[in-house]
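Remarks on the structure that follows.
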Amino acid sequence: MVRLIRLPGNSIAFAAQATLDTVGTTVDTIVERFLVKNFGCRASQADGAAIEAGLAAKGLASTADLQDADLVVLNTCTVTATADDEVRQVVRRIHREKPGARILITGCYAQRAPEELAALEGVSLVVGNSHKTRIPEFVTAAEYHGQVEIGDIFAQSDFLSAPVEDAAGDRTRPNLKIQDGCNNRCSFCIIPYVRGRSRSATPESVVEQVRALAAKYREVVLSGINLGRWGRDFGGRMRLADLVRRLLEETPIERLRLSSVEPMDFSDDLLELMAGSPRIAKHVHAPLQSGSDTVLRRMHRKYRPRHYADRILKARALMPECAVGADVMTGFPGETDDEFAQSCGFIESLPFTYLHVFTYSERPGTPAAESTAQVPVNVRKERTHALRDLAARKNLEFRRSMVGKTISVVTLDKGGALSDNYLKVALATPRAANRMEEIRIGGLTKDGVCETGALPVFG
């Protein structure tokens, strides 16, 4: 059992300035049970799993019920204004529904705007990504003097991660974060300023964790903020492909899947390794952002459309039935009708099987947010709808091409399966979760494919 201390009023004290003789008021809440709610990407989910493990190691019990929680940890995202707004809404709801619970806010939003969050009613502690590894220490301290713990994120060297269930709640495909931070400075992106420099989990720790996961799971997803940069901070010539080889050699995992990798980090070596091993999912996800050369330049992206196309076409030549996905942004400052048309034409020309389409959102502190050439919000949304329609058509074409073929799938605990090339598969007969099988595709469902013998929706 732990008592939390908070300063009178809404004053903010940084840990470096806090001393044991600071006058604080004891919060009566006894912390026995905690709830962690994660927002955002796979990396955030992995951070949240590590926070849960750290709190449990301190003797606190996890709960999924807000009414049972004495402490609520919100592990936030700040990639868009919508993400920020969601966090504020959740804080208000928690304080309304469980006013006695202490609210601790951490993650990317906490690193970017700690004072803004500390001012919200009901918030007891704000902990930036710079101090996230110390959360168990903060909440189990007998006396704590300070409402905000934040420091220079670029000085951060700790690596926080734990295997986490799939973001959709499936318990058969854990995500393992093996890289954090980003050294790029894309003009629209706040992430380097809230995550810090690129840093990697050691190869030994990754091998150990994947080996342990392989005892329970058939597939493990490797993820990171900038996954393709794994190993660069170690010096020498160690690259992601070298780590994947070692995992294939030293662990019995049946399938590895790579999450998002920057296009120029899909080296020939990595693509050839993926194509040559049946234990690596045939799934290439390479962020694009725009198919317009001029927009990419304004974004400060490190490739041009021709470079991107070279990598995607190389992947498809080596793996003819692989999934090909991309993140694409609409409405970047200054994006003209012609530039958007160029982007659409470029996307049309490549064998994408799905797209994650995002509408540009100004992030304070980024160069793009200072631009005077902001695209009207209604135009951004129109372009988003148009690209999503294009993506849906290309996805349908890909799914139709799979009918009559036999593909490898892993069965999921919520029913159905996921294919090697990232298709949702409806099964003809129920199967136990967490099995690897070869099945024949007999038709299409609304958003996937179905096994021969299952009832197709169309196609």
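Quick caveat: nothing in here was measured; it's all calculated off a predicted structure. Residue indices begin at 1 and follow the sequence shown.
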Just checking, is any N or O donor in the side chain of Thr294 or Glu339 under 3.5 Å from an acceptor N or O on the other one?
-> yes
State, to 0.1 Å, how close Ala428 and Thr452 come at their nearest heavy-atom pair, and which atoms those are.
-> CB-O, 3.6 Å
State, with a plain yes or no, whether a side-chain heavy atom of Thr106 is found less than 4.5 Å away from one of Gln111.
-> no
Verify salt bridge (Lys or Arg N to Asp or Glu O under 4.0 Å) between Asp293 and Arg301, making sure each step is shown before the conclusion.
-> CA-CA 10 Å; Asp293 185 283; Arg301 299 289 284 171; over 6 Å; no
Salt bridge (Lys or Arg N to Asp or Glu O under 4.0 Å): which pairs involve residues 427-436, sequence neighbours left out?
-> Arg431-Glu437, Arg431-Glu451, Arg435-Glu437
Donor-acceptor contact present, side-chain Ser198 to main-chain Cys182, <3.5 Å | no
Hey, is the main chain of Ala368 close enough, under 3.5 Å, to the side chain of Ser371 for a donor-acceptor pair?
-> no
Any idea which heavy atoms bring Thr411 and Leu427 closest together, and the distance?
-> CG2-CD1, 4.1 Å
Are Arg199 and Asp180 close enough for a salt bridge, meaning some N to O gap below 4.0 Å?
-> yes
Quick one: do the Asp338 and Thr336 side chains pair a donor with an acceptor below 3.5 Å?
-> no
Which pair of non-hydrogen atoms, one from Pro192 and one from Arg185, has the smallest distance, and what is that distance?
-> CB-NH1, 3.3 Å
Determine, stepwise, if the pair Arg239 / Asp269 fulfils salt bridge (Lys or Arg N to Asp or Glu O under 4.0 Å).
-> CA-CA 10 Å; Arg239 298 293 184 263; Asp269 186 26; over 6 Å; no
Taking the side chain as every heavy atom from C-beta outward, state whether Arg304 and Arg297 have any atom pair closer than 4.5 Å.
-> yes
Taking the side chain from Arg440 and the backbone from Gly404, do they hold a donor-acceptor pair closer than 3.5 Å?
-> yes
Donor-acceptor contact present, side-chain Ser343 to main-chain Phe340, <3.5 Å = no
State whether Phe39 and Lys37 meet the cation-pi test: NZ (Lys) or CZ (Arg) under 6.0 Å from the six-membered ring centroid, and within 45° of the perpendicular axis.
-> yes
With no hydrogens and no angle check, do the side chains of Arg112 and Thr78 hold a donor and an acceptor under 3.5 Å apart?
-> yes
Which atom pair, heavy atoms only, marks the closest approach of Leu271 to Ala315?
-> CD2-CB, 3.9 Å
Report yes if the side chains of Arg316 and Glu321 come closer than 4.5 Å at any heavy-atom pair, otherwise no.
-> no
So, the side chain of Gln209 versus the backbone of Arg211: is there a donor-acceptor pair under 3.5 Å, distance only?
-> no
Side-chain (Thr366) to main-chain (Ile190) donor-acceptor, under 3.5 angstrom = no
Salt bridge (Lys or Arg N to Asp or Glu O under 4.0 Å) between Glu137 and Arg134: does it pass, once the steps are laid out?
-> CA-CA 5 Å; Glu137 171 191 338; Arg134 295 180 61 191; 2.8 Å; yes
Does the side chain of Asp327 come under 3.5 Å of the side chain of His285 through a donor N or O and an acceptor N or O?
-> yes
Taking C-beta and beyond as the side chain, do Val324 and Leu350 meet within less than 4.5 Å on heavy atoms?
-> no
What's the verdict on side chain to side chain contact (heavy atoms under 4.5 Å, CB included) for Leu256 and Arg279, showing C-alpha distance, side-chain angles and the deciding distance?
-> CA-CA 6 Å; Leu256 289 169; Arg279 294 168 61 198; over 6 Å; no
Polar side chain donor-acceptor pair, Lys216 to Asn434, under 3.5 angstrom | no
Tell me the ring pair (Phe, Tyr, Trp, His ring centres under 6.0 Å) pairs involving residues 172-208, sequence neighbours left out?
-> none
Does any pair with a residue in residues 414-449 pass ring pair (Phe, Tyr, Trp, His ring centres under 6.0 Å), and if so which ones, sequence neighbours excluded?
-> His283-Tyr422, Tyr354-Tyr422
Is there a donor-acceptor contact under 3.5 Å linking the side chains of Asn175 and Arg42?
-> yes
Determine the minimum heavy-atom distance between Asn421 and Ala323, stating which atoms define it.
-> O-CB, 3.2 Å
Within a strict 4.5 Å, meaning less than it, do heavy atoms of the Glu116 and Arg88 side chains meet?
-> yes
Can a donor-acceptor pair be found between the side chains of Asn378 and Lys381 at a distance below 3.5 Å?
-> no
Hey, what's the ring geometry for Phe352 with Tyr308, parallel, tilted or perpendicular (30° and 60° as the breaks)?
-> tilted
Please check if any side-chain donor atom of Asp233 sits under 3.5 Å from a side-chain acceptor atom of Ser200, or the reverse.
-> yes
Taking all atoms of both residues into account, what is the closest heavy-atom pair of Gln342 and Ser292, and its distance?
-> OE1-OG, 3.3 Å
Do the side-chain N and O atoms of Asn38 and Asn75 include a donor-acceptor pair separated by under 3.5 angstrom?
-> yes
Do you see a donor-acceptor pair shorter than 3.5 Å between the side chains of Arg255 and Ser408?
-> yes
